[in-house]
Amino acid sequence: MSLARSLKDGLQFHAQVIKSGFTPTVFTSNQLIHLYSKNGLIREAYRLFDEMPERNVYSWNTVINAYIKAQNLSNAQNLFDAVPEKDSVTYNSLISGYANRDGFEDRAVRLFLQMQNDCDGVRRDEFTLTTMLNLTAKLSALSWGQQLHSFMLKTANDLSGFAVSSLIDMYSKSGSFPDAWTVFERGSSSAVDLVSKNAMVAACCREGKLDLAQNLFWSKHQMNDSVSWNTMIAGFAQNGQEEKAIEMFKCMAVEGFSWNEHSFASVLSAFSSLKALKMGKEIHSWVVKKGIDSNPFISSGIVDLYSKCGNMNYAEFVYLKMKVENSFAVTSMIVGYAAEGNMAEARRLFDSLADKNSVVWTAMISGYVKTQQSDDAFELFRQFMERDARDYDALLFINLLGACTTQAIVDPGKQIHAYIMKVGIEIDEKVVTAVVDMYCKCGSIGYAERIFQNLASRDLILHNVMIAGYAHHGYEYEALQLFEEMVKRGLQPDAVTFVAILSACRHSGLVEVGENYFSSMTEDYSILPERDHYACMIDLYGRANQLEKATVFMDKIPMELDAIILGTFINACKMNRNVKLANDAEEKLLKIEGDNGARYVQLAGAYASEGRWDEMGRIMKKMRGKELRKHTGCSWLQVGNRRHTFISNDRSHSETEAVHAMLDCLIQELVASIHDEEELSQ
DNA sequence: GAAAATCCGT
């Protein structure tokens, strides 16, 4: 009897066996079961197994693996339970099945614990250990990984390529890069194993150490395979070096390696980041031709490309062709719709998802934040807090806190802060900074200060936020003191720090102090002043009634005067009631920003303050016909959970009549009391 | 003589 190599041979062979009435040997049947399983013919594989008059442990293992391959873990488990004599392969197969299935990881662990204690007394071998390492890497369970590692050392199972590469991967994915490196160094003391090298290159990329990754990649580069290339392409793409990723992608083909799903997925993400629609489209057509456009990584990559390029029609078209729900593609589209302000479409997609991960929630809520629909953002966040799952995206909190900050509403900010503490999220530096910033900008400088002072480590950005917070609240002394402390601790201030410091000075009229810091900035810290610093200085002089100094200062600014600087200067003129200088600056400003309605309003305001109604009328006339899309300034009141916003002459509130009746009442009382006082003084 | 494990893509 000959060995069946292809499926066709196998089927022919099987038919002959049945016709001839022979009973194949157990060995031959096992081979056939494996062949059927490899070709996805699970029913045929099982029938053959079922009809075997006698079976050995190979038969059981093969058919169990057939079910695992077909994703049918319950049948695999039933067969596992029925195996008369299990060996390590029986255990390893099912452990691997559970380890790779989301939500069933605990069963893998239980089987691992049971295998050596069970009546079967099956020994854990290298297969068991590498599978378990894979699982702990997936769960980022460093302490389990370490225990497995020491077990491997004890049983001398730590030296093969399988062991070394799994260990590198485990340490890297558990956030312990130095240990990964140690394992790699020790493992490659004799001969370098390619898979281990690839795992180490990937670990370097994960860590952002791209130079190290490249050195490794090019050392012994004769042995590189397509995985090595894909690793580098992905590494560049994930670390913001899209051009290099594309270069490697091209180079890979030149070197004779063919592109696969991994290569396409990575280069697609590079093109998306660059919004390179044309090149992206080429990849699109290429993958369609190759027939791999149904791969979920590829198809969602294409959806992401079109979404990032603002082509939502194409994105929808590609998404509709996908047969299964894909939260990654939906996230891309939500972000895409949010970017064009179409939150209704974004919400439709969000609601269409049966299974929402934290990234989708973050995208949707952040979309509301970005389109300034903060009521919707907070409402959705309330629903987010009520769900059972406990996974988070730090970006969600940063964006929501940002919404509180721009609206200066502290209560929702406090709720977010409380929620962060309640669920015990590992406090990310960026999140803490956002919390401090929120309290600063919402007027709760005391809270901000307390959090700031209790932090063990404080970086530059946090200091900048706190100094700016003090400055905005008129605590110039605290701002300057914190600056000095920061410098004493060895933190180098940056351009942002000086904006905050100069702001502190201008708010309290500390002209000389401000001048000193301004020159110290360049002389002591080699930071070139930017637009904001110049504007700060002009404002500083303006507020201190030193318009002449402002004018002299402005003449020395070595960059082109832009709207911010001129606007600030006009404000300074306004404060010093100097219409002549304002006029000159106005001409310059209108040349730069003739279309910006806000500037006209600012100018008109400057003249109105002077009582120059004719001038104001002139400006208003110039304004007419231009598109004036100034954001309307509004006032708001928080009553209970609702915030009520008002603009001037606003009668849209549902209780506007009652509000105005009350207002009339108050005005009358005010007028009456003024009359009383006048009568008294006479 | 046969069965199980490692690295790369949202």
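Just so it is clear: chains get the letters A, B, ... in the order the sequence lines come, proteins before strands, and each one is counted from 1. Heavy atoms only: backbone and side chains are in, while hydrogens, waters and symmetry mates are out. Remember, predicted model here, so these are calculated numbers, not experimental data.
Remark: the A/Asn30 side chain and the B/dA3 base include no donor-acceptor N/O pair separated by less than 3.5 Å. Judged by distance alone, with hydrogens and angles left aside, A/Ser166 brings no side-chain donor or acceptor close enough to the base of B/dT6 to form a pair under 3.5 Å. Side chain A/Asn260 to base B/dG9: no donor-acceptor pair is found below 3.5 Å.
Straight-line distance from the CE atom of A/Met232 to the C1' atom of B/dG9: 15 Å, rounded to whole Å. Per the geometry, CE belonging to A/Met52 stands 13 Å off C1' belonging to B/dA3, to the nearest Å. Put simply, CG on A/Leu129 is 13 Å from C1' on B/dT6, counting in whole angstrom units. Rounding to whole angstrom units, CG of residue A/Leu94 and C1' of B/dA3 are separated by 14 Å. Atom pair A/Trp259:CH2 and B/dC8:C1' shows a separation of 17 Å (rounding to whole Å applied). Separating the CE atom of A/Met322 from the C1' atom of B/dT10 is a distance of 10 Å, rounded to the nearest angstrom. Look at CG on A/Leu194: it is 13 Å from P on B/dC8, rounded to the nearest Å. Rounded to a whole Å, the CD1 atom of A/Ile64 is 15 Å from the P atom of B/dA3.
The residue A/Asn295 sits close to a base: some heavy atom pair falls under 4.0 Å. Within 4.0 Å (heavy atoms only), A/Arg206 reaches sugar-phosphate atoms of the nucleic acid but no base atom. A/Ser165 comes within contact range of at least one nucleobase, with a heavy-atom separation under 4.0 Å. Nucleic acid contact for A/Ser93: sugar-phosphate only, since backbone atoms but no base atoms lie under 4.0 Å from a heavy atom of the residue. Base engagement by A/Gly161 is indicated by at least one non-hydrogen atom pair under 4.0 Å involving a base atom.
The aromatic ring of A/Phe127 is stacked on the base of B/dA4, with the two ring centres less than 5.5 Å apart and the planes inclined by under 30°. Stacking between A/Phe27 and B/dA2 is absent: the ring centroid is not both under 5.5 Å from the six-membered base ring centre and under 30° in plane angle.
Of the candidate nucleotides B/dT6, B/dC8, B/dA3, B/dA3 has the atom nearest to the side chain of A/Asn61. Between B/dC7, B/dT10, B/dG9, one nucleotide has an atom nearer to the side chain of A/Phe328 than all others, and that is B/dT10. For A/Ala199, whose side chain is taken as the heavy atoms from C-beta onward, the closest listed nucleotide among B/dC7, B/dG9, B/dA5 is B/dC7. Listed nucleotides: B/dC8, B/dA2, B/dG9. Nearest to the side chain of A/Tyr58: B/dA2. Closest to the side chain of A/Asn65, out of B/dT6, B/dA3, B/dT10, is B/dA3.
Contact check on A/Lys138 versus A/Asp102 returns a salt bridge, with a Lys/Arg side-chain nitrogen under 4.0 Å from an Asp/Glu carboxylate oxygen.
If you check the side chains of A/Asp125 and A/Asn157, you find no donor sitting under 3.5 Å from an acceptor. For the residue pair A/Thr25/A/Thr28, the side-chain donor-acceptor check at 3.5 Å is satisfied.
Side-chain N/O atoms of A/Asn92 include none lying less than 4.0 angstrom from OP1 or OP2 on B/dA5. Side-chain N/O atoms of A/Asn134 include one lying less than 4.0 angstrom from OP1 or OP2 on B/dC7. Taking only side-chain nitrogens and oxygens, A/Gln238 never comes nearer than 4.0 Å to OP1 or OP2 of B/dC8. Using a 4.0 Å cut-off, no side-chain N or O of A/Lys173 falls inside it from OP1 or OP2 of B/dT6. Contact between the side-chain N/O atoms of A/His34 and the OP1/OP2 oxygens of B/dA2 is not found at any separation under 4.0 Å.
The aromatic ring centroids of A/His284 and A/Tyr306 lie less than 6.0 Å from each other.
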Could you please spell out the steps behind the side chain to side chain donor-acceptor pair (under 3.5 Å) verdict for A/Asn399 and A/Lys370?
CA-CA 8 Å; A/Asn399 281 332; A/Lys370 278 185 195 117; 5.0 Å; no
May I have the step-by-step check of side chain to side chain contact (heavy atoms under 4.5 Å, CB included) for A/Val164 and A/Ser160, ending in yes or no?
CA-CA 6 Å; A/Val164 172; A/Ser160 77; over 6 Å; no
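By the neighbour-count criterion of 12 heavy atoms within 6.0 Å, atom CZ of A/Arg123 is sparsely surrounded, having that number or fewer from other residues, nucleotides or ligands.
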